[in-house]
Protein chains: 2
Amino acid sequence: MRSSRAVRASGTPAGDPAATPSIYEVARVAGLSVATVSRALNDKGPVRAETRQRVLDAVERLGYVPHSAARMLSTRKTMSIGVLLPDMHGAFFSEIVRGIDLAARAAGYHLLVSGSHSDAAETAALLQTLHGRVDGLILMAPALGGAWLQKALPRRVPVVLINDDGTDGRHDSLRIDNRRGARLAVEHLLALGHRAVAFLGGPEGNADAAERLAGYREALVAAGLPLSRHLELAGDFGEESGLQAGAKVAALVPRPTAIFAANDAMAIGCLAALREHNLRVPEDLSLVGFDDVPIARYLTPALTTVQVPIAELGRQAMACLLSSIDGRPENPEGAANHTVIAPTLAIRASAAAPAEAPKKHETSRTPTQRRTST
Amino acid sequence: MRSSRAVRASGTPAGDPAATPSIYEVARVAGLSVATVSRALNDKGPVRAETRQRVLDAVERLGYVPHSAARMLSTRKTMSIGVLLPDMHGAFFSEIVRGIDLAARAAGYHLLVSGSHSDAAETAALLQTLHGRVDGLILMAPALGGAWLQKALPRRVPVVLINDDGTDGRHDSLRIDNRRGARLAVEHLLALGHRAVAFLGGPEGNADAAERLAGYREALVAAGLPLSRHLELAGDFGEESGLQAGAKVAALVPRPTAIFAANDAMAIGCLAALREHNLRVPEDLSLVGFDDVPIARYLTPALTTVQVPIAELGRQAMACLLSSIDGRPENPEGAANHTVIAPTLAIRASAAAPAEAPKKHETSRTPTQRRTST
DNA sequence: GGCTCAGATGTAAGCGGTTACAGAGGAAGA
DNA sequence: TCTTCCTCTGTAACCGCTTACATCTGAGCC
């Protein structure tokens, strides 16, 4: 064993400048052992100042850079964490990754990012290949069920779920209160005097979308208003689907006086559709979004929307993960940490009182039996 | 040596279900050697079908997942590539990462993403820690000079530069023709009859911003128009700076009839400012952006902008990197691959002829000495 | 001077894979 | 029947680092 090492180290005759030097060349050049070099470079154990300097000089001369994979294998620490997102489109994910990245680099961690995780089998395979590559996982998979998680999620590596549906109680999770956010939005519209509020939903099977729909319905029911199926439009969280839904709403008779879109991207598409149909917002139609994407405030009109601290969500997810990585090595079953973030409403210009305000001057709380729309 | 292995493998008495099993336990359970297990799992070398099945069964029973770090060290292949971006804000980067991610996962690669690289020293340090962790690098650092790159960029690992200033000819690069794009935008405005076109620039020291400014000036000079310094406003590529600059332009007397913003984010901010000042776009003021961010077409009015295939840019960068990773192992000096992408103009609704169209009916090509603005 | 003890350094065994090389067995050809 | 060769499997040396343990040195103390 030893001899083979010795051969390798000095076997490279003149140090072969093309090859990346290992810690062995450094040791040889410095006239020290690899152990000392390692200690000097990592500030582990006692090393004389002069010795350390000799190591540093050798490192400098050789252009030595430690090999991460070797270190990972040896220390069983990768200093990087995996981030799996359902998608990569749009401002929402860019924001959340930014939040995670900020927290990660502050702690010296790298980020292994991967988007587009709708296919369960493919995602499971990817999770496999992450073994030994990450120290923790931040997973956002609103389309994947809790049962799936139990199966596919790696044991022995901390995981933080973002906006998980909550079925799986065994991992830390962080979620925004979608239902509450949606209620806030709809209640705001109702308070302004709207009675016919359309809902622009998200993709089938998406947990966030489902909760926002539930919140919408709750608010209507609480106000004594009827639910009507044709006011609930389908969307997929993309701008284009918002555009199409907006066109549909514009063509409805009687036309609703307000639209609540389940996310900002669709609200933006909606806005474009309404403009094409010469409908003014908010004069002819009010519009409320969800997420408070960075550009929401710069739209024309500025978008009233449910405000979610997106980057902060990412930051918190990372913080939670870090604490579970180095603070709480063996988390006993059932002690998972579930944080719920309550969104607020950012009231801007896209929602106002409807033009034909109800004469009865009813408050939003007044249960009316009048059917504004069949 | 051998004995230690044997001890480790069988030393774990009942297989300790909590610990993640290594290839040695698999070999033991399957009654085979680690070499055979490795071969069976990687389809390397000849393995009898029945033997392979025995391996697969053992893997299944133990829940074995190969340890990436070990494999990386052994094969000197990480199957992941590093992506360094100057920033993480906004749709532009989200798009580019999406393009890269798509191409990467198609090829089975992981993405190590990191944003906010303005500080040179910090970035250099990060590049170090990437050694042995990535097989290639996609780097976008418009604020870092070519000289810096020479120093900091790791040898021996393929690199693709995006929108590098071109000083460094030794690495593959991919860039969009900023100057040309800017000229397209300004020429469009001039052709519409505008004579006083303000420019909303990017951050100091940013190569992209500098080139776009140059393109703006070129177009004006080519049209025989004077350059006036106070029409060139400072920005930082963020919405907020667009908002502020928009307010400044609105207050100028005489007011320019058009604004060319060096990116879409600032154009969006600008749009908001103009709305606040009750200026209509394009009736009172025309506006052109740069990038064609996904939502540009959904704005009110739909933004006329220089169209850059952002996701495609990412995809190509990845493709280029991959070919240089496995196709062309030792790229001789000077054979670097430089691709320039020519942007086009997406003409939408935010730019139109100025209200007070010049009576002289001069074409944009006519060199006039008239100073529209001092 | 001999002792202890702490500080500085070296030796070598891991970490968990891959793979060159060797060996065993069986089939085909002489 | 004996080579020869091919298929399949095993042995052990790596990959480059960390670190437990051993070793050595010299200072401090009796």
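In the text below, chain A, chain B and the rest are named by the order of the sequence lines, each starting its count at 1. Both backbone and side-chain heavy atoms feed into the values below; hydrogens, waters and symmetry mates do not.
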Original post:
Looking at residues at least two apart in the chain, or sitting in another chain, which of them share a side chain to side chain donor-acceptor pair (under 3.5 Å) with S33(B)?
Top reply: T36(B)
**OP:** Would you mind listing every ring pair (Phe, Tyr, Trp, His ring centres under 6.0 Å) that reaches into residues 132-162 of chain A, with sequence neighbours excluded?
**Re:** none
**OP:** Only pairs at least two apart or in different chains count here, so list each ring pair (Phe, Tyr, Trp, His ring centres under 6.0 Å) that has a residue in residues 122-144 of chain B.
**Re:** H67(A)-H131(B)
Original post:
Among the nucleotides dT18(D), dG16(D), dA8(C), which one has an atom lying closest to any side-chain atom of N42(A)?
Top reply: dT18(D)
Subject >> Axis-to-axis angle between the two ends of the helix from dG1(C)-dC30(D) to dA30(C)-dT1(D) (five base pairs per end, rounded to 10 degrees) >> reply: 50°
Subject >> OP1 or OP2 of dC17(D) under 4.0 Å from side-chain N/O of Y64(A) >> reply: yes
Original post:
Would you say K44(A) reaches dT18(D)'s phosphate, i.e. side-chain N/O to OP1/OP2 under 4.0 Å?
Top reply: no
**OP:** Find the distance between CG (N163(B)) and CG (L139(B)) and round it off to the nearest 0.5 Å.
**Re:** 11.0 Å
**OP:** Strictly below 4.0 Å, heavy-atom distances to any atom of DNA chain C: list the hits from residues 47-57 of chain A, or just say none.
**Re:** V47(A), R48(A), T51(A)
Original post:
Just checking, is any N or O donor in the side chain of S94(B) or H89(A) under 3.5 Å from an acceptor N or O on the other one?
Top reply: no
Original post:
Is the closest side-chain heavy-atom distance between L85(A) and I162(A) below 4.5 Å?
Top reply: no
**OP:** Any chance you could lay out the side chain to side chain contact (heavy atoms under 4.5 Å, CB included) test for R133(A) and M72(B), step after step, and finish with the verdict?
**Re:** CA-CA 10 Å; R133(A) 199 184 284 270; M72(B) 286 183 203; 3.4 Å; yes
**OP:** Sort and list the pairs that fulfil salt bridge (charged side-chain N to carboxylate O under 4.0 Å, His left out) and have at least one residue in residues 69-81 of chain B, not counting sequence neighbours.
**Re:** K77(B)-D135(B)
**OP:** Using the closest heavy atom to pick a nucleotide of DNA chain D for each, name whichever of P46(B) or S74(B) lands nearer the 5' end.
**Re:** P46(B)
